[in-house]
Structures are given as C-alpha cells and as structure tokens.
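Heads up: numbering here begins at 1 and tracks the sequence. Source: prediction; values computed, not measured.
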Amino acid sequence: MQIRDLPYTDPGDPDVRSGPRFLFWLGRSQLKGQLKSLSWGLLHHCAIAGLPLAVGLSVQAVIDGSGRDLVTAGVLLVVLGVLISVGDTMLHRTAVTNWITAAARVQQLLARRTAELGSALTRRVAAGEVVAVSTGDVEKIGWFVEALSRFLAAATALVLICVGLVLYLPSLGVLVAIATPVLALAVLPLLPRATRRADLQREKAGRATELASDTVAGLRVLRGIGGEELFLGRYRRASQEVREAAVRSARMWSLISAIQVFLPGVLLISLVWYGATLARDGRIDVGQLVTVYSAATLMLFPLRNVEEIAMAYSFSRPSAQRAVRVLSLRRSTRPPTADAEVPQGDLYDPVTGLMAPQGVFTAVVCGDPDEAGRLAERLGGHAGQDEASAPVPSVLLGGVALDELPLGTARTAVLVQDKDPVLLSGTLRELLDVPSSGDVTARDALAAACCDDVLDALAQASVDPDGDPMNTRITERGRSLSGGQRQRLALARSLVTDPQVLVLDEPTSAVDSHTEARVAAGIEQLRRGRTTVAFASSPLLLDLADRVVLLHGGTVVAAGTHRGLLRDEPAYRAVVTRETEEEAVGAAAQDGLTTADCPRPARAAEEIEERA
C-alpha cells in the first residue's frame, strides 16, 4: 500500500480482543510494507557495520605501507557510503509510509464504527475519548507500527555484527557478543514502571481532553450561569496533573536513556583496555583492534532502536486499548444477514409495545425526554443493552429485526433525525445531496419544512451572479443560521431522503407556533402514505397525526387520536397541556366535579401505574 492509494478500499476486520492484539493485527495487515522496511533497514545497518572493516583495512594498509590495500579500502568505503545513503533514504521512506498507512487504517476503522453507531456512540463512549482516539492515539499507534520494522532490522543487524566479530577476531568478538544482549536487556526491569507512568499520563491527558471538550461544548451555558471560571479552574488543575505525570514519565525515560549511554561506555572502555593489552603483546594487529572498536561504537546506533521500540510500545499500548474500546462497540449483538431486502410492514418495538402502522403518521408523547431519546435510538436499529448489560430486543419492521439487517439496508428502511441534528459545512445543494429514493425533490422538501425565509437569507448572502440560494455556502454546524432555521434545514434533508420509515425527535421544538403549524402540515402532506413517527408534545403537530401514542414508564399506556386522548386521558392532558394541579382543580370546579374527579398530574400518574 502506497500513500497515493489511500484511503483503503476495505480497512479490514480488526482484532479488538486487546490492545496488543490490535497492534499485532495492524503490523500483520501491513506485512508487505514491513518487509520492505526491514530489507532496507538491513541494508542500511549492514553497510554501517562494514565501515569498521574498511577503516581497519585502511589503518593496517598504512602501517604495512601497502598502496594496493589502501586503494581497496578506499573503494570499499565509497561503496559502503553509497549503500548507507540509499538504505537510509529508502528506510525512512518505507517506515514513514508504514506510519501514515497504519494511521489512515485506524482512522478509517474509527470512521466506519462512528458511521455505524451514529449518535449511539457518544451515549456509550465519552465524546472526549473519541476525540483523543481519533487524534493523538492514532499517531501513537502509527509510531509503533513504523518503529517495529526498524527495530527488527536493527536487531538482525546486531546479531550479524556479533557473529561477524566472533568469526573475525574471537578474542574480542566474544566479549562484544556477550555484552550486547546485556546492553539491550538492561532496561527491561525499568520498562514496567515506565509503562505505568506513561499509562497514567495518557489517562490524565484523556481526562483533560474530555473536560476541555465538555467545557467548550457548554461554554454558552456556562457563561449564562457564570460558571466558566469554575470549569476553567478545573481544567487548569487537570492540566497541572497532566504536566506532573509527564514529568514523572520523562524522568523514567531519561534514566533509561542514561543507562543506554553509560553501559555502552563501560563496554568501549573495557574493549579498548583489553584490546590494547592484546595488541601490545602482539596477539592482535592494530587494524584488528580499530575494526572491533569501530564496530562496537557503531553498534550504539542500532541499540537505540531497542529504547525506541520500548518507548513506542509503552505509549501505543494504552492508545491501542482506547481504540479497541471504540472499535469493539457493535450496533447489535447478532450478526447481520447478508444481501437482505428492505422489509415492508408495521414498525414495532417489543420493549415499549409501540406500534407504528405502515403508511400512518404516528405521534409519540413521552414526558421523559431521555426515555424518548432511547426509544428513537432503538427505532433506528440500535438495540443496545439495558442497565444489567443484557441485550435489548430489536425493533421489528414487518416482522424482521432491524439490527439483523446490514447497516445500509436498515438505514434505507428507517431514518432517525435526532433532536439536535448537525449541519455540515458546504453549499445548500451539497447539504441536500444525500442518498434518497428520488421521489422527493429538494424544492418539495424545503417547502414542506417551511424554509422560505432561510432561502431568502441565503439568496442575499449568495456570491452566485443569479443569487441562487442553493449555491450559498453554509458555515460549519450552520452557525450563521438561527436555531429554528438549522432545525428546518435538517428536517428538509431528512425529507429528501424519503425513507420508508422516518422517525423525528421533536422536529419543531425551535420554531414559533405559526411556523410550527405550517411545518406540521407540510410533514403530514409530504409523508402521506409513508410511515412517519414523530416524538412531540405540541398540540399543533399532535392534532395532525393519524394516531397518537402515550408512553409512560417505558410502556405504551394509551393510544388514539389527539382529541380523543385529550378528552379521555388525564395523564395525556397533563403532559400535552402542561396543566398544574391548581388549574386542574379549577377546571373541575367549573364543571361541577369534586376534587377526587380532578385529572391532576399526581392522579394521572397513579392511573398510569395501575394500567401498566
């Protein structure tokens, strides 16, 4: 895989059983790139290892006065220099390619999981953790994959150098061969502590990132209540904890680096002392001593890769574990069936007993917004788990479980618009250019969502000579628009897709009553004959629904028309009209009823409990 070939057609199915297994899977998935990097690394290190031999031949040639040997040594140095340059260049090229392609693979996997889970992702994993995984953690994981092949090349080169020195000059080569594993493994006792400190640093950094993300997201609210200094103080303390953890981690790694310098220095001093004694006694030549000493000195470069791979693993392992926590999330505990057709029929939730008949506009009234959000999530095919971590039964469409369908098929069948939909940056034409049935045009969807004022505002801001609002660019998240305008544009986008089942969570909560009535009428007219489920408590929308369902305590307790429920169901009337107990008592007195007959909220709740 080359950088120009990114993104991957299929990033693969990762091993998410643990962080180390995920790192191993990444390395195995890029085996070809790893072998390329290993080959160029071997050429680079072996060429460097040949320099001491050439230098030793040169020194011995000068001592012996042999011009022929001196020329031979010079030619050998030139050849080795060329090989070192080529090997180093290609090693860097292939290693960086491995790093970038590994990071791209992880980002594609995260993007695929995010697209699969949708809004359910942030309900199961903190938003700050998702941000940390998709930014800093991806770089750490890519670093380990990139360093792995260079470490293997360095380790192989060390073995070859030791074997070569033993064969070239056993008296000194054996000393180097024994000392090299000691130098490489001397830092192992310190690695667990360094790893723990690195893990603590990453944990604190993740918490600080989550706190910063939450603070920025709620900055407007914090300013309104005067709590920004409180949260800024918390972030300062979290930042200081990250700094202290980073300093403690850096101290341990500096100790490891010091050991990596001190022990090789001891080896070189011992080698010079023992080698000089042998040369003085005439047991070895001066050139041989220079060769072995130079080889031992150059061995310090591949030994550095041992420290680097230990560092890379220590930092990438917690990052991989965080990535695994996100990638291990599944839309369903059951494997989806392949090549499934879009089912037809009624939409039924076995958890609450909600039934949305095919082709009917069904409104759902629920006093608990969180409960409504969970139900909307399930209707979109994200069954999830209950508080006891037990699988929740899937929603059925025409008797077929949604979470057993492929993701594309499930979303073709059912589309859920969240309460706070997001508008991506781009032109209005690009915003409405979404996968759809083709039966609903952008103009019809905008008209149904009552976006006339939005089109006028975009036409005035348009840079198009014709003033076409469809070519006007919308800023990120629609920040240049009001809340009601953003909500209506998101509704138009959902209407354009024309899914078989459309689920809307409070689609008119940010508009005034007049606009709300027009939007409700537009939805009812455009979606006529299609299954539509709207979570709402507005009488204007409920009055247009073909069927209204009351949800309480996680169960459907009543169903009918808006006017019928308003007349016969005190609990429904309490939620929709938001009447207080005093208002209910007053209304009862005017009707000649006693207080016991009054449909006050407390009594309504009791009736609901009895029916449930």
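- Distance CD/Gln30 to NZ/Lys36: 11.5 Å, rounded to 0.5 Å.
- Here Arg112 pairs with Asp10 under the salt bridge (charged side-chain N to carboxylate O under 4.0 Å, His left out) rule; sequence neighbours left out.
- For residues 153-166, there are no salt bridge (Lys or Arg N to Asp or Glu O under 4.0 Å) pairs, not counting sequence neighbours.
- For residues 12-31, the pairs satisfying salt bridge (Lys or Arg N to Asp or Glu O under 4.0 Å) are Asp15-Arg17, with sequence neighbours left out.
- Applying the ring pair (Phe, Tyr, Trp, His ring centres under 6.0 Å) test to Phe151 and every residue at least two apart in sequence or in another chain returns nothing.
- For the residue pair Ser18 / Gln321, no side-chain donor-acceptor distance below 3.5 Å is found, with atom types taken as modelled.
- Residues satisfying the side chain to side chain contact (heavy atoms under 4.5 Å, CB included) criterion with Ala490, sequence neighbours excluded, are Gln417, Pro421, Leu423, Arg493.
- Residues meeting the side-chain hydrogen bond (donor to acceptor under 3.5 Å, both in side chains) test with Asn305, sequence neighbours left out: Arg150.
- For Ser316, there are no side-chain hydrogen bond (donor to acceptor under 3.5 Å, both in side chains) partners two or more places apart in sequence or in a different chain.
- With sequence neighbours left out, Arg197 forms a side-chain hydrogen bond (donor to acceptor under 3.5 Å, both in side chains) with no residue at all.
- With sequence neighbours left out, the salt bridge (charged side-chain N to carboxylate O under 4.0 Å, His left out) criterion links Arg429 to Asp468.
- Residues passing the side chain to side chain contact (heavy atoms under 4.5 Å, CB included) test with Val82, sequence neighbours excluded: Val86.
- With sequence neighbours excluded, the residues that form a side chain to side chain contact (heavy atoms under 4.5 Å, CB included) with Leu200 are Glu203, Lys204.
- For the 3.5 Å distance criterion, the side chains of Gln240 and Arg243 qualify, holding a donor opposite an acceptor.
- Under the side-chain hydrogen bond (donor to acceptor under 3.5 Å, both in side chains) criterion, Thr89 pairs with no residue at all, not counting sequence neighbours.
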